[in-house]
Amino acid sequence: MQPTLHQLKVFETAARHRSFTRAAEELYLTQPTVSIQIKQLSKAVGFPLFEKLGKQLYLTEVGNHLFSTCQAIFGELDQFEMMVTDLQGMTQGKLHLGTVTTCKYFVPRLLGAFCEQYPGIDISLKITNHSQLEKRMLENLDDLYILSHIPPGLDLEVRPVLKNPLVVIAPANHPLVGEKNLPISALNHERFIMREPGSGTRNAVQGLFHQYQVNVQIKLDLGSNEAIKQAIAGGLGISVLSRHSLNGREYTDLAILDVEHFPIEQQWFVAHLAGKHLSVVAETFLDYLLMMTDQADMPWKSFQ
Ligand code: PGA
């Protein structure tokens with residue numbers, strides 16, 4: 001027979017008070033019920049737990065050990081309960097987020113407002129490309145992921161968040177700036193700056209170029225959207241980037257080319273591993289993310 005948590009609680013209370021009567025009062029039980037529970041516990045343990053000398057109740061050696069064990073168990077349980085209560089109140093906890101690079105144009109802004117609302121929450125935000133994010137998913141490193149291409153072969157729960165259009169960006173003085181409805185073949189032989197292998201943006205661009213047999217001259221592979229914008233402005237070539245990377249701002253040194261089949265209409269999704277138990281913090285952020293990205297007056301809506 002295994003001792004039950006209830007029996008341990010009754011025993012711990014009786015041991016603390018060195019009295020069955022006081023234990024009964026504290027636990028709102030009758031004194032005979034306390035006696036029976038302790039008798040059964042003693043039987044389960046295989047040793048007497050108390051001994052009575054005169055009117056005084058003492059713990060036996062085994063009883064003393066069990067008392068320390070119970071105090072440790074109930075201490076831990078109290079801590080756990082406190083943590084859960086705190087989490088439910090959103091007063092503490094940690095959120096692990098993984099996003100692709102293009103999301104850095106809206107996720108940190110959202111996090112700012114979220115943290116203001118829940119100042120006790122710590123955030124770990126990993127910004128990386130698609131293939132690295134997929135590795136993180138396989139290792140179950142984050143609570144939530146925001147990305148465009150859902151990796152096949154992974155069991156995920158997925159919800160759409162925002163559109164992520166990919167546009168052709170050129171230096172402001174490029175001869176094609178201002179032309180309307182350029183055929184995609186106009187990009188042939190252009191000097192091109194490409195995102196690094198493993199990037200979802202790169203995959204999307206290569207897919208489209210392959211489909212329409214566009215042959216650009218790749219001058220440079222760069223792992224950063226910001227560095228690519230600088231390289232375009234510096235005259236190294238043109239590129240295809242998320243419109244979000246322009247941040248809704250007017251640039252004097254960059255321009256979007258109006259090319260057929262662009263923008264490449266992509267969509268960001270928020271995902272988590274199917275069956276993963278989301279913490280209260282993660283659930284709350286997920287609701288917040290879905291609500292905020294759905295609001296028409298948010299800055300990122302204007303350049304979708
Ligand atoms: P990437 O992904 O950072 O891997 O290019 C961006 C995206 O698909 O939005």
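The chain is numbered in sequence order, starting from 1. As the structure lists them, so they are numbered: ligands from 1, and atoms in each ligand from 1.
In Arg202, neither the side chain nor the backbone holds a heavy atom less than 4.0 Å from any atom of ligand 1. Here Asn129 has heavy atoms under 4.0 Å from ligand 1 in both its backbone and its side chain.
A donor-acceptor pair shorter than 3.5 Å cannot be found between the side chains of Ser242 and Ser245. Side-chain polar atoms of Ser199 and Asn129 form no donor-acceptor pair below 3.5 angstrom.
Using a 4.0 Å cut-off between charged nitrogen and carboxylate oxygen, Glu157 and Lys276 do not count as a salt-bridge pair.
Looking only at side-chain heavy atoms (C-beta outward), Leu278 and His272 come within less than 4.5 Å of each other.
Ligand-side atoms of ligand 1 in range of Val100: 2 (O), 3 (O), 6 (C), 7 (C), 9 (O), range being under 4.0 angstrom from any heavy atom. The distance from ligand 1 to the heavy atoms of Gly200 drops below 4.0 Å at these ligand atoms: 1 (P), 2 (O), 4 (O), 5 (O). Heavy-atom proximity to Thr101, at under 4.0 Å, picks out these atoms of ligand 1: 1 (P), 3 (O). For ligand 1, the atoms closer than 4.0 angstrom to any heavy atom of Ser199 are 1 (P), 4 (O), 5 (O). For ligand 1, the atoms lying closer than 4.0 Å to a non-hydrogen atom of Arg195 are 1 (P), 3 (O), 5 (O). Per-residue contacts place Ser148 under 4.0 angstrom from the following atoms of ligand 1 (heavy atoms of the residue considered): 7 (C), 8 (O), 9 (O).
No side-chain donor-acceptor contact under 3.5 Å links Arg195 to the backbone of Val240.
Among protein heavy atoms, the minimum distance from atom 2 (O) of ligand 1 is reached at His130 CD2, 3.2 Å. At the shortest separation from atom 6 (C) of ligand 1 among protein heavy atoms lies Thr102 OG1, 3.1 Å.
Under a hydrophobic clustering in which Ile, Leu, Val, Met, Phe, Trp and Tyr are joined whenever their side-chain heavy atoms come within less than 4.5 Å, directly or via other members, Ile150 and Ile264 fall into different clusters.
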